[in-house]
Amino acid sequence: MTEAEWLACDDPGKMLELIRRKVSERKLRLFAAACFGRLVRVLPDPRQRSAIEVLEAWAEGTTTRLAITEALRNTRVACLEFPSLIGIQDPPPGDDLHFVGLMLYREFASSKPAVHAMTAPSGLADGVMEQVRQSELLRDVFGNPFRSVTFSPEWRTETAVLLASQMYESRDFGAMPILADALQDAGCDNDDILNHCRGNGPHVRGCWVVDLVLGKQ
């Protein structure tokens, strides 16, 4: 895959195959949580929705092994009880509630983070478009593997860190253009960083620029 192909790719499986061995498990799990977070409309059981939160906390190291085990069990039970979920929420025609829920369960059971999150759109009527959205998320979390970005400690000003921290905690990344201004004021002249902040997004927890500002990997 070339850099141009990476930037235009709408097959998250191919993209992840390229970078999997080069990225952290934290990043993979945050990407998976973001993918499933987009699918809550077809995950009607509250145990499934809670599991997405556990998946994110697992990535951050802010949960317990017991909570992870419970999420694994709860997502499995939700799948087994699938017939009772019909009527809780009406999905668009063609969406397979059971398949998407099964992929969430397997995400917890698998030793390869994010694989089943990327498989989940196969159960959606608009699965092709969801894969496009996943590809955009993947570029937000992992950046461009064809370009090495050196982040100067001088750019990590109090203002930049505060903005990044607020967005990270609130999960509201509307201040990304302001972060770009703060980084530029601090001397950042890296177009990849500034353009990503000022682009259309999407941005989620694990965004490569926010992680650089906060010193996360």
Side-chain angles (χ1 to χ4, degrees), residues 3 6-7 12 15-16 18-38 40 49-65 67-68 71 107-108 112-114 117-118 133-217:
E3 181 178 11
W6 170 270
L7 296 175
M15 298 171 73
L16 194 60
L18 177 69
I19 64 173
R20 173 174 288 281
R21 293 184 177 86
K22 306 173 185 177
V23 299
S24 67
E25 186 171 300
R26 169 185 170 270
K27 286 275 199 179
L28 291 169
R29 294 200 189 282
L30 284 177
F31 168 68
C35 289
F36 279 114
R38 287 184 49 83
V40 291
R49 298 185 180 209
S50 295
I52 297 173
E53 298 176 4
V54 174
L55 186 59
E56 184 180 90
W58 187 1
E60 300 287 26
T62 57
T63 191
T64 64
R65 174 55 59 180
I68 295 169
E107 184 66 38
F108 278 91
K112 293 185 177 180
M118 290 188 303
R133 301 287 86 82
Q134 286 189 348
S135 298
E136 294 170 351
L137 288 176
L138 200 148
R139 279 185 282 268
D140 176 61
V141 173
F142 299 104
N144 183 345
F146 294 90
R147 293 189 182 225
S148 177
V149 175
T150 300
F151 191 88
S152 172
E154 297 176 356
W155 303 343
R156 198 173 282 121
T157 63
E158 182 178 347
T159 299
V161 171
L162 179 61
L163 283 166
S165 297
Q166 289 175 340
M167 288 189 289
Y168 195 86
E169 292 304 319
S170 68
R171 299 173 180 79
D172 180 353
F173 292 84
M176 288 295 289
I178 303 175
L179 177 60
D181 294 340
L183 291 171
Q184 196 164 33
D185 289 345
C188 176
D189 56 358
N190 185 286
D191 288 338
D192 290 329
I193 291 175
L194 299 177
N195 291 340
H196 185 73
C197 290
R198 291 170 175 151
N200 295 326
H203 301 288
V204 294
R205 274 196 170 188
C207 167
W208 68 273
V209 172
V210 173
D211 273 2
L212 282 176
V213 175
L214 297 178
K216 296 178 178 289
Q217 299 194 7

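Just so it is clear, the structure is predicted and the values come from calculations on it, not from any experiment.
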Can you give me the closest heavy-atom contact between [X] and [Y], atom names plus distance?
| X | Y | result |
| --- | --- | --- |
| Glu107 | Ala117 | OE1-N, 3.0 Å |
| Trp155 | Thr150 | CZ3-O, 3.5 Å |
| Val141 | Lys27 | O-NZ, 2.8 Å |
| Glu25 | Pro113 | CG-CG, 3.9 Å |
| Ser165 | Leu214 | OG-CD2, 3.3 Å |
| Val54 | Ala71 | CG1-CB, 4.0 Å |

For this session: State, yes or no, whether a side-chain contact exists between Phe173 and Asp140 at a heavy-atom distance under 4.5 Å.
Result: no
For this session: Report yes if the side chains of Thr63 and Glu56 come closer than 4.5 Å at any heavy-atom pair, otherwise no.
Result: no
For this session: List the steps, then state whether side-chain contact (heavy atoms from CB on, under 4.5 Å) holds for Leu18 with Phe146.
Result: CA-CA 11 Å; Leu18 177 69; Phe146 294 90; 4.0 Å; yes
Nearest-0.5 Å distance, [atom1] of residue [X] to [atom2] of residue [Y]:
| X | Y | atom1 | atom2 | value |
| --- | --- | --- | --- | --- |
| Met176 | Leu183 | CE | CG | 8.5 Å |
| Trp58 | Leu30 | CH2 | CG | 12.5 Å |
| Phe151 | Trp208 | CZ | CH2 | 9.5 Å |
| Leu138 | Phe31 | CG | CZ | 4.5 Å |
| Arg21 | Leu16 | CZ | CG | 10.5 Å |
| His203 | Met167 | NE2 | CE | 8.5 Å |

Problem set entry | CA sep, side-chain torsions, deciding dist, call: Arg139, Met15, side-chain contact (heavy atoms from CB on, under 4.5 Å) | CA-CA 9 Å; Arg139 279 185 282 268; Met15 298 171 73; 3.4 Å; yes
Problem set entry | Residue pairs, two or more places apart or on separate chains, that pass salt bridge (charged side-chain N to carboxylate O under 4.0 Å, His left out) and touch residues 147-164 | Glu3-Arg147, Arg147-Asp192
For this session: Take Arg20 and Leu28 through the side-chain contact (heavy atoms from CB on, under 4.5 Å) test and state the conclusion after the steps.
Result: CA-CA 8 Å; Arg20 173 174 288 281; Leu28 291 169; 3.7 Å; yes
Exercise. So which of Arg26, Arg205, Gln217, Lys216 actually passes side chain to side chain donor-acceptor pair (under 3.5 Å) with Asp211?
Worked result: Arg26
Exercise. Partners of Asp181 by side-chain hydrogen bond (donor to acceptor under 3.5 Å, both in side chains), sequence neighbours excluded?
Worked result: Arg198
